[in-house]
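The structure under discussion appears below in the form of structure tokens.
In this text the structure is predicted, and so the values were computed from the model without any measurement.
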Amino acid sequence: MAGSLVGWKNALPLLPYGDRFRRYRRMFHAVIGSRASMDQFLPIEELQMRKFLRRILSQPTDLAAHIRHSHLSESTAGSIILRISHGYDVKETNDPFVELADKATEQFALCTVPGAFMVDILPILRHIPAWFPGASFQKKATEWSATLNEMVERPHTFVKSGMAEGTAPVSFTSSLLEDKKEDELDIKWSAASLYAGGADTTVSANYSFFLAMALHPDVAKKAQAEIDSVIGNDRLPTFDDRSELPYVDALAKEVLRWHVVAPMGKHPSFSR
């Protein structure tokens, strides 16, 4: 359902190991695969984090909405990953690209539920026409495929238009298109994988962080004490301070270990 009918087979999460998978890995490594390559995007992350903190300060009861999205503010996770993947600056309210990513990832979750669709058990059913009794999954697949294709095509077209006008900022997509060493279809789908996956998984990790701080206030106090002793109270931390904040750095890594965003492996039989 998710792979062949909806089209997620071209995205990294459902891509089997092979030449195309290795090409995706190579592209990710070239643009965002090391701390040195990520340095060009650090100012973007710091800017969006300041906007995020300002929104929390003004509307603390809307924490979940500030992390994810709402009618009041932009998505922090979506704004960062879209700026990195496509050089796109998210709008303050009801951004179409963020909403598109949310819709596509929600549909991805629905179409990958084990046992939800008979076609996943009997793949031959994919040949049944949509009008046939019991083939309602075909209509859903058509609808969800349209959402996915829009999520892939619209940001990519935005980058190409900006490059043609000479206004496109540095991004994962623009860097690879300018390099002209990779197939454009691979660039398009790898960027979409980054955009969709990053917006969703970052949200999960941020939720976990705030949950951890609520459950373990003593840890939050230790982290705050380290920040106060190193940074003071006249400015916010930056990535330049990371080496001087070992406890805070370890805390961020522990959140990822404590509540893993997604399974990091699969049962061996799945790949046979």
L177 backbone acceptor or donor facing E182 side chain under 3.5 Å: no

Between NZ on residue K140 and CG on residue L110, distance to nearest 0.5 Å: 8.0 Å

Note, Q138 side chain near W131 side chain (heavy atom, < 4.5 Å): no

Polar side-chain atom of T173 near backbone of S85 as donor-acceptor pair, under 3.5 Å: yes

Donor-acceptor side-chain pairing of S190 and S193 below 3.5 angstrom: no

Test salt bridge (Lys or Arg N to Asp or Glu O under 4.0 Å) applied to D218 and K222, step by step: CA-CA 6 Å; D218 55 319; K222 290 180 181 179; 5.2 Å; no

Under 3.5 Å: donor-acceptor pair, side chain of Y195, backbone of F97: yes

Distance in Å, F21 CZ paired with L12 CG, rounded so as to fall on 0.5 Å steps: 5.5 Å

D186 side, atom CG; L15 side, atom CG - distance, nearest 0.5 Å: 8.5 Å

Donor-acceptor under 3.5 Å (S174 side chain, P169 main chain): yes

K160 and E184: CA distance, side-chain angles, deciding distance, salt bridge (Lys or Arg N to Asp or Glu O under 4.0 Å) verdict: CA-CA 11 Å; K160 293 187 70 174; E184 187 171 346; 2.9 Å; yes

Backbone N/O of T238 and side chain of D241: donor-acceptor pair under 3.5 Å: yes

E150 side chain to L100 backbone, donor-acceptor under 3.5 Å: no

Side chain D120, main chain M1, donor-acceptor under 3.5 Å: yes

Greater than 12 external heavy atoms within 6.0 Å of I124's CD1: no

Side-chain ion pair, R23 and D19, N-O less than 4.0 Å: no

Heavy-atom side-chain contact between S175 and V170 under 4.5 Å: yes

Side-chain H-bond candidate by donor/acceptor type, T142 with S145, under 3.5 Å: no

Flag side-chain contact, heavy atom, 4.5 Å: Y247 against V219: yes

Criterion salt bridge (Lys or Arg N to Asp or Glu O under 4.0 Å) on R257 and E254, from CA distance to verdict: CA-CA 5 Å; R257 186 208 65 81; E254 174 62 12; 2.5 Å; yes

Within 45° cone and under 6.0 Å: R83 NZ/CZ vs F41 ring: no

Distance in Å, M118 CE paired with L125 CG, rounded so as to fall on 0.5 Å steps: 7.5 Å

Side-chain donor or acceptor of R50 paired with backbone N/O of L47 under 3.5 Å: no

Whether over 12 other heavy atoms sit under 6.0 Å from D39 CG: yes

Proximity of F172 and F28 rings by center, below 6.0 Å: yes

